Amino acid sequence: MNVVSGCAPLFRAHEPDIRDISHYYSRVPRPLGDLEDAVMTRVWKWNRPVTVREVLEDLQQERSIAYTTVMTVMDNLHQKGWLRREVEGRAYRYAAVSTRAAYSAALMNEAWSASDNPAAALVAFFGMMSEEQRDALRDAMRVVQLEEPGESPGESRR
C-alpha cells in the first residue's frame, strides 16, 4: 500500500541494476531532445509514476508550455520505449523504463562504438576527465573486476 495515498502502487518498486544494461545498447537510436530530456529528468528524479499534469506544472516554473505539448512528448517517449504507462482514472501515470545511468552508459557505448579507433577514443575521453571523474572510473572498474563473468550482479568472488 502507498502510505501517502492509501492506494496500492501502480508499478512495482523496481530499480534496474545499472551494471546490466546490455539489453539497452540496441535501443538507443539517438540522444533525447531538449524537451524529452527535461521530461525524463523529472521522471528519473522523482522515481515514481507521474502524470502529465505533474510534469507540466514543474516545467511551467521554467518555461511557458501547453498541457498538450507535454502530453504529446510523454506519449512519444512511451511509444519510443522510454516510459511505460498505466491508466489511472481518466489519465495515465508514466514511469521510466530504465535509469538515467543506463541511458548515459548506452550513449557512451554508442559514441565509443562509432569510433574507427576505439582505443584512441578512450584515451582522448579519459584525458578530458576531471580527477573526480577518474576516481569514479577507478571505483567502477574495481566493481566490474570483482564480478566474474556469468555472475549475477551483486555477487562477488569468494
Side-chain angles (χ1 to χ4, degrees), residues 2 4 9-141 143-144 147 153-154:
N2 184 324
V4 175
L10 288 171
F11 300 100
R12 286 188 206 149
H14 173 70
E15 181 67 22
D17 189 321
I18 62 172
R19 295 169 292 181
D20 182 23
I21 60 171
S22 57
H23 66 282
Y24 202 65
Y25 293 152
S26 62
R27 303 188 356 181
V28 181
R30 60 172 179 75
L32 295 170
D34 289 341
L35 189 51
E36 290 173 329
D37 186 66
V39 168
M40 288 305 299
T41 294
R42 283 154 177 82
V43 175
W44 282 319
K45 179 181 170 189
W46 297 337
N47 196 27
R48 62 175 172 77
V50 300
T51 63
V52 171
R53 175 78 51 204
E54 290 173 303
V55 175
L56 170 72
E57 289 172 359
D58 200 61
L59 283 170
Q60 285 178 329
Q61 295 175 23
E62 299 173 358
R63 61 178 94 184
S64 177
I65 191 166
Y67 179 92
T68 54
T69 301
V70 177
M71 183 178 63
T72 299
V73 169
M74 292 180 77
D75 183 63
N76 289 344
L77 288 166
H78 169 71
Q79 297 301 322
K80 292 177 181 181
W82 295 106
L83 295 173
R84 65 178 181 264
R85 67 185 180 194
E86 297 271 336
V87 176
E88 183 180 275
R90 296 183 343 169
Y92 287 111
R93 282 210 173 262
Y94 292 86
V97 170
S98 194
T99 64
R100 180 177 281 285
Y103 168 67
S104 297
L107 287 178
M108 287 187 282
N109 184 66
E110 185 79 14
W112 181 58
S113 298
S115 173
D116 61 348
N117 188 340
L122 283 175
V123 169
F125 179 63
F126 297 153
M128 294 177 202
M129 292 176 140
S130 67
E131 189 58 39
E132 183 178 286
Q133 290 170 320
R134 284 193 290 273
D135 288 343
L137 176 62
R138 285 185 203 97
D139 291 344
M141 290 300 297
V143 169
V144 170
E147 296 176 3

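Remember, predicted model here, so these are calculated numbers, not experimental data.
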Trainee: Please report the interatomic distance CG(Leu77) to CD(Glu36), rounded to the nearest 0.5 Å.
Mentor: 5.0 Å

Trainee: Applying the side-chain contact (heavy atoms from CB on, under 4.5 Å) criterion to Val55, which one of Val73, Thr41, Ile65, Val70 satisfies it?
Mentor: Val70

Trainee: Report yes if the side chains of Tyr92 and Thr51 come closer than 4.5 Å at any heavy-atom pair, otherwise no.
Mentor: no

Trainee: On a heavy-atom basis, which atom in Ala96 and which in Val43 lie closest, and how many Å separate them?
Mentor: N-CG1, 3.5 Å

Trainee: Working to the nearest 0.5 angstrom, can you tell me the gap between Asn47 CG and Thr99 OG1?
Mentor: 10.0 Å

Trainee: Between Trp112 and Pro118, is there a donor-acceptor pair closer than 3.5 Å when you use the side chain of the first and the backbone of the second?
Mentor: yes

Trainee: Determine, step by step, whether Glu57 and Arg42 satisfy the salt bridge (charged side-chain N to carboxylate O under 4.0 Å, His left out) criterion, reporting the C-alpha distance in whole Å, the side-chain angles of both residues, the deciding distance to 0.1 Å, and the verdict.
Mentor: CA-CA 11 Å; Glu57 289 172 359; Arg42 283 154 177 82; over 6 Å; no

Trainee: Looking at CE of Met71 and CG of Leu56, how far apart are the two atoms once the value is rounded to the nearest 0.5 Å?
Mentor: 11.0 Å

Trainee: Between Phe126 and Arg134, what is the shortest heavy-atom contact and its length?
Mentor: O-NH1, 3.6 Å

Trainee: Which value, rounded to the nearest 0.5 Å, describes the distance between Asp37 atom CG and Met40 atom CE?
Mentor: 9.0 Å

Trainee: Walk me through it: do Leu35 and Leu59 pass the test side-chain contact (heavy atoms from CB on, under 4.5 Å)?
Mentor: CA-CA 10 Å; Leu35 189 51; Leu59 283 170; 4.3 Å; yes

Trainee: Can you tell if the side chain of Trp46 reaches within under 4.5 Å of the side chain of Asp58, non-hydrogen atoms only?
Mentor: yes

Trainee: Which pair of heavy atoms, one from Arg84 and one from Val97, lies closest together, and at what distance?
Mentor: N-CG2, 3.7 Å

Trainee: State, to 0.1 Å, how close Arg93 and Pro49 come at their nearest heavy-atom pair, and which atoms those are.
Mentor: NH1-O, 3.2 Å

Trainee: To the nearest 0.5 Å, how far apart are NE2 in His78 and CG in Asn76?
Mentor: 10.5 Å

Trainee: Is it the case that over 12 heavy atoms from other parts of the model lie below 6.0 angstrom from the CD atom of Glu131?
Mentor: yes

Trainee: Within a reach of under 6.0 Å around CG of Asn117, are more than 12 heavy atoms found that belong to other residues, nucleotides or ligands?
Mentor: yes

Trainee: Tell me if the aromatic rings of Tyr103 and Trp44 count as close, with their centers under 6.0 Å from one another.
Mentor: yes

